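For reference, the structure discussed in these notes is given below.
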Amino acid sequence: MPAPKSYTGEDMVEIYAHGGDYVLGRILETICRQGARPARPGEFTERAFLNGKLDLFQAGSVADLIRARSEKELQGALEQLKGEPSRLLDNVGKELVRLLAGLEAGIDFSDYEEVGLRKDEVTGEIKKILNQVRRLERRSEKAEKIRDGLNVVLVGKPNVGKSSLLNLLLGEERAIVSSHPGTTRDTIEEVIEFNGLALRLIDTAGITDPRGEIEEEGIKRSIDKIKRAALALVIMDKGTEIGEDDYRVLKLLKSRPVLILINKSDLPSRLSLEKAGRYLDRKKIIEISATKNWGIGELKKEIGRILGEIETGDSGAPVFLGPSMRVMLREIRLAVERALDSSENGLSSEFIALDLREALSRVRGLTGEEYGEEILKEIFSSFCVGK
């Protein structure tokens with residue numbers, strides 16, 4: 001594959017061979033004896049970036065493409081590989097250059113009123129740039145939700161059927177199911193694909209008065225997971241009266257996205273929700289039976305509806321960034337916000353230009369026009385071998 005049309009932009013050779021791992025291993029040994037070496041993690045994509053075949057956004061999306069665990073993560077990585085987020089950030093850079101040119105012309109020729117930009121023009125242009133940067137940040141936050149998986153916690157007092165429901169949603173016996181309360185002492189987490197999203201199902205320890213240090217620690221971990229969850233499935237037992245443990249759970253989740261599941265709906269009802277009415281205001285209640293698979297279709301439909309509302313916070317495709325790149329995007333936003341504040345408060349053009357130059361420098365670092373070794377290491381060390 002002659003340069004420059006290869007993946008890396010360099011002359012390349014690919015060898016295709018029949019056989020299993022042993023034969024391929026012998027071929028690799030033979031090649032290495034002639035002076036070759038195994039590629040470092042991400043080295044082919046790093047060379048493609050250094051040779052101008054990909055920018056940093058696209059290079060990072062190659063790793064996300066390989067690691068994708070859901071349809072939405074796959075499609076997001078493909079869109080980023082096509083270069084759409086890069087074009088948006090490149091446009092931000094061009095707008096910053098144009099605005100800086102106007103500001104600096106006004107600084108250099110301050111005696112001439114017709115040169116430079118009016119104050120209201122400067123403020124309006126900064127606001128446009130800031131909106132574009134904020135949109136990219138929202139899309140980055142959306143990508144993090146997709147990449148990490150949206151957390152859905154199963155919450156309730158001991159022995160209401162949380163583990164049975166987890167196994168049912170997973171389609172396998174992952175959690176131990178027992179008639180004895182308090183079987184789950186720690187959180188159990190599994191990731192499934194649901195409506196194209198990676199969904200992290202978390203079975204929590206029953207919320208109750210702890211009967212020892214181990215159970216107390218399990219409940220602490222459960223509460224931490226509950227506070228950070230995108231959705232909580234609160235499970236109650238139709239065959240038992242509502243009690244203090246149920247109230248503890250409902251108080252924890254009063255202001256959270258919640259589905260109330262009345263489990264064991266095949267049993268005679270002893271559960272009255274009237275006393276808990278103030279905690280259940282406008283919350284959806286679904287009757288299910290985890291052992292008989294009743295009501296699960298309605299439950300899945302409702303989970304999809306709620307998570308769809310959470311996930312579609314921004315209409316654009318997700319933008320996958322590593323930690324350093326997210327920090328740089330945040331620094332761009334902060335610098336533009338400072339410039340806007342200076343402009344709205346009537347400060348001189350020198351102050352405004354100072355922050356806009358900082359934003360432009362960060363933009364160039366994020367696109368790869370001006371990059372440091374640390375950001376390259378972060379992106380390419382996350383790859384599997386080669387690639």
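Model, not experiment: these values are computed from the prediction.
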Looking at K82 and E79, does any basic side-chain N land under 4.0 Å from a carboxylate oxygen?
-> yes

Does the side chain of L169 come within less than 4.5 Å of F194's, by heavy atoms?
-> no

Shared hydrophobic cluster, M236 / I285 (ILVMFWY, side-chain heavy atoms < 4.5 Å) | yes

Which value, rounded to the nearest 0.5 Å, describes the distance between K157 atom NZ and I242 atom CD1?
-> 7.5 Å

Do L231 and L150 come close enough that some side-chain heavy atom pair is under 4.5 Å?
-> no

Kindly determine whether E298 and K301 satisfy side-chain contact (heavy atoms from CB on, under 4.5 Å), including the steps that lead there.
-> CA-CA 5 Å; E298 184 184 357; K301 183 178 178 181; 5.6 Å; no

With the side chain counted from C-beta on, respond yes when N151 and I202 share a heavy-atom pair under 4.5 Å apart, and no when they do not.
-> yes

With the 4.5 Å side-chain cut-off for hydrophobic clustering, are L197 and I306 part of the same group?
-> yes

Thinking salt bridges, do D203 and K162 make one under a 4.0 Å N-O criterion?
-> no

Hey, are T367 and D55 close enough side-chain-wise for a donor-acceptor pair under 3.5 Å?
-> no

Should L136 and V327 be counted in the same cluster of Ile, Leu, Val, Met, Phe, Trp and Tyr side chains packed under 4.5 Å apart?
-> no

Provide the closest heavy-atom pair for A339 versus L356 in the form atom of the first, atom of the second, distance.
-> CB-CD2, 3.6 Å

Would you call R338-D341 a salt bridge at under 4.0 Å N-O?
-> no

For L347, the rest of its hydrophobic cluster, which grows through side-chain links under 4.5 angstrom | F351

Taking only Lys NZ, Arg NE, NH1 and NH2, and the carboxylate oxygens of Asp or Glu, determine whether E10 and R47 approach each other closer than 4.0 Å.
-> yes

Would you say the side chain of L321 lies within less than 4.5 Å of the side chain of F57, judging by non-hydrogen atoms?
-> yes

Residues L259 and K284: closest non-hydrogen pair is CD2-CB, 3.5 Å

Under 3.5 Å, is there a donor-acceptor pair between the T123 and S343 side chains?
-> yes

Any Lys/Arg nitrogen of E137 or R333 sitting under 4.0 Å from an Asp/Glu carboxylate oxygen of the other?
-> yes

Looking at E331 and R326, does any basic side-chain N land under 4.0 Å from a carboxylate oxygen?
-> no

Separation of S61 OG from I66 CD1 (nearest 0.5 Å) = 9.5 Å

Do we see a donor-acceptor contact under 3.5 Å between the side chains of D64 and Q80?
-> no

Return the minimal non-hydrogen interatomic distance between N195 and G304, and the atom names on each side.
-> ND2-CA, 3.6 Å

Just how far is it from atom CG of L261 to atom CD of E287, taken to the nearest 0.5 Å?
-> 10.5 Å

Hey, is R330 close enough to E337 for a salt bridge, meaning N to O under 4.0 Å?
-> no

Side-chain touch D237/N159, heavy atoms, less than 4.5 angstrom = no

Going from CG on D266 to OG on S289, what distance comes out if it is rounded to the nearest 0.5 angstrom?
-> 4.0 Å

Between E189 and K225, is there a salt bridge with N-O shorter than 4.0 Å?
-> yes

Is K128 salt-bridged to E125, cutoff N-O under 4.0 Å?
-> yes

Measure the spacing between CD1 of I188 and CG of L201 and express it to the nearest 0.5 Å.
-> 11.5 Å

Let me check something: any side-chain donor-acceptor pairs from residues 20-36 under 3.5 Å, sequence neighbours excluded? List them with distances.
| residue | atom | partner | partner atom | Å |
| --- | --- | --- | --- | --- |
| Y22 | OH | R26 | NH1 | 3.1 |
| T30 | OG1 | R26 | O | 2.9 |

Could you check if a side-chain atom of L360 sits within less than 4.5 angstrom of a side-chain atom of L100, using non-hydrogen atoms only?
-> yes

So do E344 and L340 actually touch side chain to side chain, heavy atoms under 4.5 Å?
-> yes

Joint hydrophobic cluster, V191 plus L168, side-chain heavy atoms closer than 4.5 Å | no

Between the side chains of Q75 and E71, is a donor N or O closer than 3.5 angstrom to an acceptor N or O?
-> yes

Going from CG on L96 to CZ on R362, what distance comes out if it is rounded to the nearest 0.5 angstrom?
-> 13.0 Å

Can you get from L88 to V92 by hopping between Ile, Leu, Val, Met, Phe, Trp and Tyr side chains that sit under 4.5 Å apart?
-> yes

Dump the intermediate steps for side-chain contact (heavy atoms from CB on, under 4.5 Å) on I286 and I288, then the final yes or no.
-> CA-CA 6 Å; I286 302 173; I288 66 168; 3.9 Å; yes

Are Q58 and V62 side-chain neighbours, meaning at least one heavy-atom pair lies under 4.5 Å?
-> no

Passes side-chain contact (heavy atoms from CB on, under 4.5 Å), L233 versus V152? Steps please.
-> CA-CA 7 Å; L233 305 181; V152 176; 3.9 Å; yes

What's the shortest heavy-atom distance between N91 and Q132, and which atoms?
-> ND2-OE1, 2.9 Å

Using a strict 4.0 Å threshold on nitrogen-to-oxygen distance, state whether E141 and R138 make a salt bridge.
-> no

